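Let me begin by presenting the structure, written as structure tokens, before commenting on it.
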Number of protein chains: 2
Amino acid sequence: MLTKEELPYCPVATTVDLIGNKWKLLILRELLAGTKRFSELKRAVDGISQKVLTENLRALERDGIVDRVVYPVIPPKVEYSLSELGDSLRPIITAMQAWGTNYILNKEELKAESAPE
Amino acid sequence: MLTKEELPYCPVATTVDLIGNKWKLLILRELLAGTKRFSELKRAVDGISQKVLTENLRALERDGIVDRVVYPVIPPKVEYSLSELGDSLRPIITAMQAWGTNYILNKEELKAESAPE
DNA sequence: CTGAATCCATACCGATACTG
DNA sequence: CAGTATCGGTATGGATTCAG
């Protein structure tokens, strides 16, 4: 967890430091839909390797955004979910989802205009 | 009804592809406040190098998010601003700003509790 | 002032092998 | 299944130089 002294003073920069990379944003998208096992996340986040997924989950856990629960069974079962802090990021992902949806829609409209039927 | 997995492309992934990196998000933060010259951006975005700033501005320009206006004067003067599309990203940055502000505030409150005067 | 073009270090990431 | 460790290629980014 970062201490206050290590944090940049700009709120946007603070947020960017914690979740401002491709993989973390996509992992958050998945966990906002609910608790997921490691293998589920691996399947859901397209193109991510096991190593990178692990690294990002560790970072999110360290920063108090993700909770990790290990079930002592065989074979191992580990569940990841958002902490309260993590869930509070929802508006950011929601805004990105809304923008992306619009972007794709407008793109298709333009395509339909320039090449009707 | 289509599930997220069945869609050709995820809206969040689309957004992430266009602006999902540290520098672009910080550049957007600056340009949302208004038109800026290259040197102003360089100064405002802490730690960015000229090369990386140029590369990211070119990418944002290519994607229709940023407008670039060159004034044919000596010394050169180039102004960057958000296009309409770029400005439509405002809710995302605003959400990040709000979250970051809260995060910092809560952090300071915790600190004050654990070490009261 | 803006920016293109180098060179070069290192950060990142995929693949693989191995463990409990 | 979940995770660590290692290796090596690639991408990223910083510093510098040159130019319009």
Side-chain angles (χ1 to χ4, degrees), chain A residues 2 6 8 10 12-13 16-31 33-63 65-83 86, chain B residues 13 16-31 34-63 65-83 86:
Chain A
L2 295 174
E6 294 167 326
C10 167
V12 178
V16 164
D17 265 10
L18 291 173
I19 61 160
N21 82 60
K22 175 181 174 177
W23 298 125
K24 285 183 185 174
L25 290 167
L26 296 177
I27 292 170
L28 284 176
R29 177 198 66 193
E30 292 306 316
L31 292 183
T35 297
K36 285 207 163 52
R37 296 184 60 168
F38 184 87
S39 51
E40 291 179 304
L41 283 173
K42 172 101 172 56
R43 241 176 295 115
V45 179
D46 192 57
I48 198 168
S49 69
Q50 190 234 44
K51 179 188 174 186
V52 172
L53 176 55
T54 300
E55 286 170 351
N56 279 281
L57 284 171
R58 289 291 172 282
L60 290 169
E61 195 189 349
R62 243 193 343 269
D63 292 332
I65 291 167
V66 160
D67 289 331
R68 177 171 176 263
V69 177
V70 180
Y71 295 88
V73 296
I74 303 232
K77 175 176 170 182
V78 181
E79 285 188 343
Y80 293 92
S81 60
L82 292 180
S83 65
Chain B
V16 164
D17 270 3
L18 291 174
I19 60 160
N21 82 59
K22 174 181 173 176
W23 298 123
K24 285 182 184 174
L25 289 167
L26 296 179
I27 292 169
L28 285 176
R29 177 198 64 192
E30 292 306 316
L31 292 183
T35 297
K36 285 206 163 51
R37 295 184 61 167
F38 184 86
S39 50
E40 290 179 305
L41 283 173
K42 173 100 170 55
R43 240 175 296 115
V45 180
D46 192 58
I48 198 168
S49 70
Q50 186 239 50
K51 180 190 175 185
V52 172
L53 177 55
T54 300
E55 285 170 352
N56 279 282
L57 284 171
R58 290 290 172 283
L60 290 169
E61 195 189 347
R62 235 191 355 266
D63 292 332
I65 292 167
V66 159
D67 289 331
R68 177 170 175 264
V69 177
V70 180
Y71 295 87
V73 295
I74 305 240
K77 174 178 171 181
V78 180
E79 284 188 344
Y80 292 90
S81 59
L82 292 179
S83 66

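Chain naming here is simple, since letters A, B, ... match the order of the sequence lines and numbering starts at 1 in each. Predicted, not measured: the structure shown is a model, and the values here were computed from it.
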Inset, instruction - Go through the steps for B:L60 and B:L31 under the test side-chain contact (heavy atoms from CB on, under 4.5 Å), then give the verdict. - result: CA-CA 12 Å; B:L60 290 169; B:L31 292 183; 5.7 Å; no
Legend entry - Spacing of A:K42 atom NZ relative to D:dG3 atom C1', expressed in whole Å: 13 Å
Legend entry - Closest nucleotide among D:dT4, C:dG20, C:dA4 to the A:P76 side chain: C:dG20
Legend entry - Value in whole Å for how far the C1' atom of C:dA11 lies from CG of A:N56: 13 Å
Legend entry - Phosphate contact (D:dG3 OP1 or OP2) by A:Y80 side-chain N/O below 4.0 Å: yes
Inset, instruction - Indicate the atoms forming the closest heavy-atom contact of B:D17 with B:K24, along with that distance. - result: O-NZ, 4.4 Å
Inset, instruction - Using whole Å, report how far CD of B:E55 lies from C1' of C:dA5. - result: 11 Å
Legend entry - Residue A:S49, side-chain heavy atoms: nucleotide from C:dG14, C:dA4, D:dG14 that is nearest: C:dG14
Inset, instruction - Give the nucleotide from the list D:dG13, C:dG3, D:dG3 with an atom nearest to the side chain of B:K51. - result: D:dG13
Legend entry - Separation of C:dT2 P from B:L41 CG (nearest whole Å): 9 Å
Inset, instruction - Check the distance between D:dG13's P and B:L53's CG and give it to me in whole angstrom. - result: 12 Å
Inset, instruction - Output yes when at least one side-chain N/O atom of B:S39 is less than 4.0 Å from OP1 or OP2 of C:dT2, else no. - result: yes
Legend entry - Non-hydrogen side-chain atoms of A:R58 and A:T54 separated by less than 4.5 Å: yes
Inset, instruction - Could you walk me through whether B:N21 and B:N56 pass side-chain contact (heavy atoms from CB on, under 4.5 Å), step by step? - result: CA-CA 10 Å; B:N21 82 59; B:N56 279 282; 3.5 Å; yes
Inset, instruction - Check whether any side-chain heavy atom of B:L82 sits under 4.5 Å from a side-chain heavy atom of B:V66, and report yes or no. - result: yes
Inset, instruction - Measure from CD1 on B:I48 to P on C:dG3 and round the result to the nearest Å. - result: 13 Å
Inset, instruction - Ignoring backbone atoms, establish whether A:W23 has a side-chain N or O less than 4.0 Å from OP1 or OP2 of C:dC12. - result: no
Inset, instruction - Determine whether any donor atom in the side chain of A:Q50 lies under 3.5 Å from an acceptor atom in the base of D:dG3, or the reverse, and answer yes or no. - result: yes
Inset, instruction - Could you tell me the separation between the CZ atom of A:R43 and the C1' atom of D:dA2, rounded to a whole number of Å? - result: 13 Å
Legend entry - Presence of A:R68 side-chain N/O under 4.0 Å of D:dG3 phosphate oxygens OP1/OP2: yes
Legend entry - Of B:V52 and A:L57, the one whose closest DNA chain D nucleotide lies more 5': A:L57
Inset, instruction - In whole angstrom, give the distance that lies between atom CZ of B:R58 and atom P of D:dG13. - result: 16 Å
Inset, instruction - Please determine if a side-chain N or O atom of A:R37 lies less than 4.0 Å away from the OP1 or OP2 oxygen of D:dA2. - result: yes
Inset, instruction - Please figure out whether B:T54 or B:P75 has its closest DNA chain C nucleotide nearer the 5' end. - result: B:P75
